[in-house]
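Atom set for the values below is all heavy atoms of this structure, side chains included, hydrogens, waters and symmetry mates excluded.
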Amino acid sequence: MGSSERARHWQYAELPGVDLLRARYVRKTFVRHTHEHFVIAAIADGVEVFHHRGADQYAGAGALALVNPDTPHTGRAGVPEGWRYGAVYPSPEVVAEIAAETTSIRGTPGFVRPVLDDPYAVALVHQVLRATDEGNALAADTLLRVAVTRLLRLNGGPLPQREVRTAGARTAAAARAVLEERMADPPTLEKLAGDLGTSPFALLRAFRAAYGMPPHAWLTDARVRRARRMLDAGRPPAEAAVAVGFTDQPHLNRHFSRIVGVPPGAYQRERKNVQDAPGGPRLASDE
């Protein structure tokens with residue numbers, strides 16, 4: 001990363017189920033990827049562009065980029081000076097719990113529009129991050145709940161339930177299961193299609209329709225997800241790289257940074273800080 005770019009991806013023990021990020025990116029590009037958690041990114045300066053459900057979305061200062069779990073999207077600067085933002089990534093369970101208590105949304109809650117102009121909510125997200133820096137658990141928890149409630153009330157609704165009905169969708173799901181099982185040693189597209197009784201291009205079309213990206217891109221995303229879980233559990237990056245099917249640690253570093261936003265070593269160091277904090281949660285900012 002250039003000297004003008006910086007990022008910190010961390011957790012705070014008193015906010016379980018929530019990842020936290022502060023970053024300034026100029027040349028950074030995020031490849032198409034998904035998150036298991038919600039993305040609530042509060043833009044402080046500049047503009048972020050992200051491709052989401054077939055169109056480029058623009059989020060400038062005072063706006064939030066909002067992405068539901070398992071929804072493919074990208075990310076890049078929309079202006080030469082890049083963008084600066086703070087983000088919280090609450091788990092689906094955290095959001096569902098808040099929605100059940102403070103909204104009338106029935107079903108699985110999620111965001112309706114991917115960009116919301118709301119300087120007040122942007123300020124709330126940055127206040128959550130500041131509270132974690134200061135070790136103020138009461139403020140961090142309260143402000144997160146207020147922010148999520150506000151965003152759901154302004155821009156929330158039930159997520160559509162994905163139903164696997166078509167033969168193509170069933171084939172895509174079967175292919176995904178094979179890739180999950182054989183992550184470190186995946187078959188070729190031709191072999192995968194043949195084993196499922198279809199043709200390579202038919203499988204490619206079905207997979208893209210079901211998961212928003214081709215099988216090889218989905219596999220890279222899934223490998224990074226699994227590597228994250230291994231890093232969270234304390235496994236060394238080099239070991240995680242090989243276990244999920246990357247050739248070596250530099251290969252993992254490249255893909256991890258283009259999806260998570262920080263390299264695996266920096267990501268893991270912050271996780272270790274949370275576990276090692278004496279008597280619990282206090283975390284000093286190291287920016």
Chemist: Assess whether a salt bridge exists between E81 and R24, defined as any Lys/Arg side-chain N lying under 4.0 Å from an Asp/Glu carboxylate O.
Modeler: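 Salt bridge between E81 and R24, a charged N being under 4.0 Å from a carboxylate O: no.
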Chemist: Can you tell if the side chain of R228 reaches within under 4.5 Å of the side chain of E36, non-hydrogen atoms only?
Modeler: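 In short, these two side chains do not touch, never coming nearer than 4.5 Å.
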Chemist: Does the plane of the ring in H9 sit parallel, tilted or perpendicular to the ring in Y267? Use 30° and 60° as the thresholds.
Modeler: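 Correct class here is tilted.
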Chemist: Without swapping roles, check the side chain of Q268 against the backbone of L231 for a donor-acceptor pair under 3.5 Å.
Modeler: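 Flag set: sc Q268 to bb L231 pair under 3.5 Å.
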Chemist: Between P215 and L204, is any pair of side-chain heavy atoms under 4.5 Å apart?
Modeler: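 The answer is yes, as the side chains (C-beta and beyond) meet within the 4.5 Å cut-off.
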Chemist: Do we see a donor-acceptor contact under 3.5 Å between the side chains of E93 and S91?
Modeler: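 Looking only at side-chain atoms, S91 and E93 do form a donor-acceptor pair, the distance falling under 3.5 Å.
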Chemist: Sequence neighbours left out, what pairs pass ring pair (Phe, Tyr, Trp, His ring centres under 6.0 Å) with at least one residue falling in residues 110-153?
Modeler: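 Listed by first then second residue: F38-F111.
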Chemist: Assess, by modelled atom type and distance only, whether the side chains of H33 and H73 contain a donor and an acceptor separated by less than 3.5 Å.
Modeler: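 Yes, because at least one side-chain N or O of H33 sits under 3.5 Å from a partner of the opposite role on H73.
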Chemist: Judged by modelled atom types alone, do T102 and R153 share a side-chain donor-acceptor pair under 3.5 Å?
Modeler: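 No donor-acceptor contact under 3.5 Å links the two side chains.
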Chemist: Does Y12 use its side chain to pair, donor to acceptor, with the backbone of L129 at less than 3.5 Å?
Modeler: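 Side chain of Y12 to backbone of L129: no pair is present.
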Chemist: Is R229 salt-bridged to D232, going by a charged N under 4.0 Å from an acidic O?
Modeler: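 Salt bridge between R229 and D232, a charged N being under 4.0 Å from a carboxylate O: no.
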Chemist: Excluding sequence neighbours, so at least two apart, what forms side-chain contact (heavy atoms from CB on, under 4.5 Å) with R254?
Modeler: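 Applying side-chain contact (heavy atoms from CB on, under 4.5 Å) to R254 gives H251, R258.
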